[in-house]
2 protein chains.
Amino acid sequence: MADPRSSLDEQIAIYQREHRDLDPQVERVVNALSRLDRRMSVAYGRQLAALGLSSAEWEVLKELVMVGSPYQLWPGTIARRLGLTPAAMTHRVDRMVAAGLVTRERDTENRVRVIVGLTDEGREKWLEVMREASAFEEELLQDFTVKERTQLGDMLIRLLDRVSVQLDRSIPSSQLRSKHGQLAEVDTPHPHP
Amino acid sequence: MADPRSSLDEQIAIYQREHRDLDPQVERVVNALSRLDRRMSVAYGRQLAALGLSSAEWEVLKELVMVGSPYQLWPGTIARRLGLTPAAMTHRVDRMVAAGLVTRERDTENRVRVIVGLTDEGREKWLEVMREASAFEEELLQDFTVKERTQLGDMLIRLLDRVSVQLDRSIPSSQLRSKHGQLAEVDTPHPHP
DNA sequence: AGTGAAGACTTCACTACTAAAGTTCGAAGC
DNA sequence: GCTTCGAACTTTAGTAGTGAAGTCTTCACT
């Protein structure tokens, strides 16, 4: 790479000195992705902190809003979707109940289960964050034309599908779950309210 | 969005029901990025585990290889680059010394400082991981033409520059550091061995 | 020399997570 | 009807991080 256009290209040039077989075009994409995500996490973290919310709380709020009214999920479902253990969800829900963002109640149909529900305050917090976040995101993509945004989105979704295939292939079959959002219908306390 | 092409498009449609002002093209890009990074982290995590390495150890090895021979850095430098506190680095280095991946020694030129150096075993581990990882990454992008790879890389780097600007703008000026890799030359125990 | 301020790492107290064991409830088989 | 198995959450013990306080060294100045 004769004329690196960014610090990332410089870094990749160094990697190549250490390990010849690297494809620089591939490395560019992969390394840009991880750097980008790290910086965006920092940016979101600051915005959330300004609204008095932690990233952990935000993740849970998103899941609850995403299932739609009446905004209820079982703790185990949230844990699976976020890639956490049930134990971690127990504690997160504890904190969020204390903060007034969600409620925790026994499921009357199966008293082993627990239902986590969004409070009005939690719903309102979600909206506040989304208003700020969407402004930030809009600004992030301000230099991109509509066509470029579509292209970029399409390519990222192709990568997403691809990595999902690679992941499923390496998972012990006992852990396989139905793919994509299919669970939503059967994994929600009140599928059709 | 009449005809969602992926579970991601479905999710965005739900978000729009809850908050009208969202630009779906923007949301597609942003949400794909975060999903992609999460899944790739899982994939890398599995590969590393198979080689007996944690993600934390891998991050440190990368930084050390990246400065080139003689593969030495101060703990504080590594901590800054990884976005960790100095305290966290103290413990990481403890564990990695015990695992034989790095050495820790006092800097003879300034006895407040400590020098973390890569062992031959650490160097070899880095190579092992890179061999596996580059195969995985190559496969990830197998459906992309050379032109598409370049386009994607270019767009991601544009986003990277953009988010960096947005981040710097919201940082207290006392915390501002020189941008990009400029520190490398002055932030390494032996700049010109 | 001697003092004071600043810097670099470590230590301490605390927080959040994981893995595994424990508890309780519901369902299936005898 | 009782028992046993499995599922869902909670509890416990251990690990890795943060922020703040502490220790030692260097540097600038008297």
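- A sub-4.0 Å separation between OP1 or OP2 of dA8(C) and a side-chain N or O of R113(B) is present.
- In this structure, L84(B) places its CG atom 14 Å from P of dC9(C), rounding to the nearest Å.
- Distance, L82(A) CG to dT18(C) C1': 15 Å, rounded to whole Å.
- Using a 4.0 Å heavy-atom criterion, one finds that R106(B) contacts no nucleic acid atom at all.
- For the atom pair M155(B) CE and L152(A) CG, the distance stands at 4.5 Å (nearest 0.5 Å).
- Summarising the geometry, atom CE belonging to M40(A) is positioned 6.0 Å from atom CD belonging to E137(A); distances are rounded to the nearest 0.5 Å.
- Heavy atoms only, all atoms of each residue included: E18(B) and L127(A) are closest at O-CD2, 4.0 Å.
- Of all heavy-atom pairs spanning E109(B) and D107(B), the tightest one is N-OD1, 2.9 Å.
- As a whole-Å value, the separation of L73(B) CG from dC9(C) C1' is 15 Å.
- Atom P of nucleotide dT15(C) and atom CZ of R95(A) are separated by 10 Å, given to the nearest angstrom.
- Note: CZ (R111(B)) to P (dT10(C)) measures 16 Å, nearest angstrom.
- Note: CH2 (W74(A)) to P (dC25(C)) measures 18 Å, nearest angstrom.
- A residue-by-residue look at N110(A) and M89(A) shows that M89(A) has its nearest nucleotide of DNA chain C further toward the 5' end.
- Hydrophobic clustering places L84(B) together with L101(B) (ILVMFWY residues linked when any side-chain heavy atoms are closer than 4.5 Å, directly or through intermediates).
- With a cut-off of 3.5 Å on both pairing distances, the Watson-Crick or G-U wobble partner of dT30(D) is dA1(C).
- Mapping heavy-atom proximity under 4.0 Å, the span of DNA chain D touched by chain B runs 5' to 3' from dA16(D) to dT26(D).
- In terms of position on DNA chain C, the residue among R92(A) and V112(B) whose nearest nucleotide sits closer to the 5' end is V112(B).
- For the atom pair CD (Q25(A)) and CZ (R28(A)), the distance works out to 5.5 Å, reported to the nearest 0.5 Å.
- Here the nucleotide nearest the side chain of V114(B), chosen from dC9(C), dT11(C), dA20(C), is dC9(C).
- Linking ILVMFWY residues whenever their side-chain heavy atoms come closer than 4.5 Å, directly or via other members, leaves V114(A) and M89(A) in distinct clusters.
- The nearest whole Å value for the distance from the CE atom in M96(A) to the P atom in dT15(C) is 18 Å.
- Across all strands, P86(A) comes closer than 4.0 Å to base atoms (heavy-atom distances).
- Checking dC9(C), dT11(C), dA8(C) against the side-chain heavy atoms of P75(B) singles out dC9(C) as nearest.
- We find that NE2 of H91(A) is positioned 12 Å from C1' of dA19(C), with the value rounded to whole Å.
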